[in-house]
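Below: the structure, in structure tokens.
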Number of protein chains: 2
Amino acid sequence: MNGKSTTTRTKLERGRSALGPALELVHTGRAPTRAVLTSELGVTRATAGAVAAELEALGLIKVDSSPGSAAGSQGRPSHRLSVLDSGPVALAAQVHSDGFRAALVGLGGRIVATAPGCVAVMADPAQVLGEVVEAGAQLLRESGLRCVGSGLAVPSAVAEPEGTALNPLHIAWPAGAPVREVFSACVRAAGIAGPAFTANDVNLAALAEHRHGAGRGAQHLLCVATGHRGVGGALVLDGRLHSGSSGLALEVGHLTVNPEGRPCHCGGRGCLDVETDPLAFLVAARREPGPEESLLKQSGDLLRTEYGDPDVRAAAEELIDRLGLGLAGLVNILNPDRIILGGLHRDLLEADPERLRAVVADRSLWGRSGSVPILSCTLDHNSLVGAAELAWQPVLDDPLAALA
Amino acid sequence: MNGKSTTTRTKLERGRSALGPALELVHTGRAPTRAVLTSELGVTRATAGAVAAELEALGLIKVDSSPGSAAGSQGRPSHRLSVLDSGPVALAAQVHSDGFRAALVGLGGRIVATAPGCVAVMADPAQVLGEVVEAGAQLLRESGLRCVGSGLAVPSAVAEPEGTALNPLHIAWPAGAPVREVFSACVRAAGIAGPAFTANDVNLAALAEHRHGAGRGAQHLLCVATGHRGVGGALVLDGRLHSGSSGLALEVGHLTVNPEGRPCHCGGRGCLDVETDPLAFLVAARREPGPEESLLKQSGDLLRTEYGDPDVRAAAEELIDRLGLGLAGLVNILNPDRIILGGLHRDLLEADPERLRAVVADRSLWGRSGSVPILSCTLDHNSLVGAAELAWQPVLDDPLAALA
DNA sequence: GCAGTTTGTTTACTTGCGGCACAAAGTGAG
DNA sequence: CTCACTTTGTGCCGCAAGTAAACAAACTGC
């Protein structure tokens, strides 16, 4: 925090100071017109106009002076602002238990191109990341678009500041693998421009949902989600990801939600991780679990198509109760103003929203905090979009410096 | 968050923009000299000089051009910066189970004057707050100092944005009492200048420790403390208090730390509140608890003077283990980079620091996050100083506007 | 006493941005 | 269709925060 910042910012390095906030407003869809931009920034129309023109000159946004379908209100119609379709993109990559995926993501969380996931040998991080980066490089070559940076989402806690994967249990990587370093090296080796970032997938999903999905406008957003195995959590505070002092915050998989529950590899019993993930659901519903990489789909389909089956319903209610207990514990500590659920938890919410909300409210200490809205994630590929957010962040912070 | 801020900041309202950050640096002791101020602000020497001169002209700080005891390094000695002894003060008030206390607190957390706590009839918030505000008004009259605002610390969760006390269990106030409203009314009625603020005492203690005590420099500071009864928690993130979306975050008293433990009024069993507070300690140590308003002192004295006694030692170790379990749970969710303990928890830490640290490390999921430093609170009257911080905040944010 | 180092001060100069006046582009009433 | 009205965009002026650069001041060590 301290330590004599020796970097005296010179005037030349700084851009127009309102440039970053303005771009963020357009990026998150909170500034559909120049008039709104003016009021959101709290500056004069003259300044907002100059800022918008500069962002347009940078090739980031588009200013439509011919509105066409006007809003219908009185007065002169405002120029519409939108992200530029042919603007720069970020390279987003994701690794999960059923393969990997690469995509190009423009401003506004718009997925421009995507390379479908391929199941591959998972043992060696360098090999897997080399492949996914190569797939991304191919997309970049095909599109001919400028790249502002790269982001990678991994299904593991990522320790800060080193960027090592602490528990990539569900992909066959070694614990402590230096994923950030490896990913950066792959990106550099492929000749891809811009910085490279790596973070946990649920954290990135939460970030993406906060900016473009179900979390928009929340000040204290809690996100809990499953993959095929295990449970992850994330917290977005005032628009910034809160990942703790060493990246390990909100690793909620080992909250105890059933003191007499099944043992967990962490040494405890009845952890959220083993009580509310897809495998737990299938076992509780007395179904035969399929291959690991389709557990999420299998359990989700089961919930949606056979909810009438007593076994399925009983299993769902059991998991909802356990999940609710875990969420209530988090609510008591974090007091979020919105909760969003992904993976199987989303399916559980949609199967019986009232039951989940009732459990959370009942187990919360304060009525107020327990009545927090609980919503489903709404973005496709939210981890991927979140990975792109990381790469976009320098541009959002200071467009001039980042694109120089 | 959104909603067209119609308040277009005019140029006249804004002061020198670096004024607030500069005052905060002096306030928290991070800018002992003008040269350090220059580098911390990241501005030129000319700007830092102008800012320091302006703060001096406002009567907030003192610039000692004759250093006397120089640092001994090379070059021209820098002017020393310090808060002005005769500068304005904030009125701080605290209510707890053994009475109340009023104080005047200057910049830098310096307690200028204090009115000793008086045990009084506690039933009526308006009466109690009227008395404490009157005591503060008396201090202000005696000192003749200017008052920038008032702050009140209460031993209860304070719901936002209304400012009602949700669980003032250990003082005989009704749940939901509108303490902020009542306190503001008392302050206005007494003719005391400036805005009035109200918040939870442990939150304020954490804020004070972060700025002036054991929490200085921490980015993610977790504070846990007892009063005479019950346990409170607080989190300071990047220098700002995190109290959740409705003020109810970090109400950690009802974390389960002993599934077979004694019943708690919240309906659960073995809550931190009833397992690690002074009363629990005295019972575990087989001592006769004295009057409620001296439980903290009684248990602290016992720990310090009779730690050789097997009963005392066994009780301490039991409480340390339970506290460690609770802290580990918080560490797994919040991943703080420092923990500070107050009240009996501080005494427990000092009785056997190694044991507590070992328990926390053992029950943390990640070795990294479990090795977080655990320290004692160091400030006297930290809740009182924290209450003053609330009142000082507008001045720190914009000195010109706040003192206009 | 003199070179070297670090800090404070003075004097332009740059520049982001507010304020203002005016032009532009729509709506609705008659 | 015209005119009043509302809201938005643009050009111009000026302020003031803060940089940059040159100079002065104060202390150390040889």
Side-chain angles (χ1 to χ4, degrees), chain A residues 4-22 31-57 61 63-81 398-401, chain B residues 4-22 31-57 61 63-81 398-401:
Chain A
K4 286 195 182 184
S5 68
T6 49
T7 60
T8 300
R9 295 165 292 203
T10 69
K11 200 78 176 234
L12 295 177
E13 291 171 17
R14 295 189 316 158
R16 200 177 283 265
S17 74
L19 219 52
T33 68
R34 240 193 56 178
V36 175
L37 181 67
T38 302
S39 61
E40 285 293 311
L41 285 178
V43 298
T44 59
R45 291 197 295 268
T47 304
V51 165
E54 197 160 352
L55 288 176
E56 190 175 27
I61 72 168
V63 181
D64 273 339
S65 45
S66 56
S69 61
S73 73
Q74 279 189 335
R76 173 176 174 174
S78 189
H79 293 178
R80 301 198 73 76
L81 303 178
D398 188 342
L400 277 182
Chain B
K4 287 195 182 184
S5 68
T6 50
T7 57
T8 300
R9 295 166 289 205
T10 70
K11 198 77 175 236
L12 295 178
E13 291 172 15
R14 294 190 316 159
R16 200 178 284 264
S17 74
L19 220 52
T33 68
R34 239 195 56 178
V36 175
L37 180 67
T38 302
S39 61
E40 286 291 313
L41 284 178
V43 297
T44 59
R45 291 197 295 268
T47 305
V51 165
E54 197 159 351
L55 288 177
E56 190 175 27
I61 73 169
V63 181
D64 272 339
S65 45
S66 56
S69 62
S73 72
Q74 281 190 331
R76 174 175 174 174
S78 190
H79 293 178
R80 301 199 72 76
L81 302 178
D398 189 341
L400 277 181

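Per chain, numbering begins at 1; letters A, B, ... match sequence-line order.
With contacts defined as side-chain heavy-atom distances shorter than 4.5 Å, the pair B:Thr38/B:Thr44 does not qualify. The shortest side-chain heavy-atom distance between A:Val63 and A:Leu81 falls under the 4.5 Å cut-off.
Note on A:Ser17: a side-chain N or O is less than 4.0 Å away from OP1 or OP2 of C:dC17. For D:dT19, the OP1/OP2 oxygens have a side-chain nitrogen or oxygen of B:Thr47 closer than 4.0 Å. For B:Arg34, a side-chain nitrogen or oxygen approaches OP1 or OP2 of C:dT9 to under 4.0 Å. Of the side-chain N and O atoms in B:Ser65, none sit less than 4.0 angstrom from OP1 or OP2 of C:dG8.
Ranked by how close their nearest DNA chain C nucleotide is to the 5' end, B:Arg45 and A:Val51 are led by B:Arg45.
Note: B:Asp64 CG to B:Glu56 CD = 9.0 Å, rounded to the nearest 0.5 Å. The OG atom of B:Ser17 lies 11.0 Å from the CG atom of B:Leu400; values are rounded to the nearest 0.5 Å. Atom-to-atom distance recorded for B:Leu55:CG and B:Leu37:CG is 8.0 Å, nearest 0.5 angstrom. Here the straight-line distance linking atom OG1 of A:Thr47 with atom CG of A:Leu41 works out to 9.0 Å at 0.5 Å rounding.
Checking side-chain atoms of A:Ser78 against main-chain N and O of A:Ala35 turns up a donor-acceptor pair under 3.5 Å.
Whole-Å rounding puts the B:Leu19 CG to D:dA16 P distance at 15 Å. Atoms NE2 (B:His79) and C1' (D:dA25) sit 9 Å apart, rounded to a whole Å. Atom CG of B:Leu37 and atom P of C:dT9 are 13 Å apart (whole Å). Atom CD of A:Glu54 and atom P of C:dG16 are 8 Å apart (whole Å). Protein atom CG of A:Asp64 is 16 Å distant from nucleotide atom C1' of D:dT8, rounded to whole Å.
Distance from the side chain of A:Ser78 is smallest for D:dT8 among the nucleotides C:dG18, D:dT8, C:dT7.
Across every non-hydrogen atom of B:Arg34 and B:Arg45, the tightest pair is NH2-O, 3.7 Å.
Contact annotation for B:Ala50: no contact, since no heavy-atom pair falls under 4.0 Å across all strands.
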For nucleotides 4-6 of chain C, print each protein N/O atom paired with a nucleotide N/O atom at under 3.5 Å, atom names and distance only.
| unit_1 | atom_1 | unit_2 | atom_2 | d |
| --- | --- | --- | --- | --- |
| C:dT6 | O2 | B:Arg76 | N | 2.8 |

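Over its length, the helix from C:dG1-D:dC30 to C:dG30-D:dC1 turns its helix axis by 10°, as judged from the five terminal pairs at each end, rounded to 10°.
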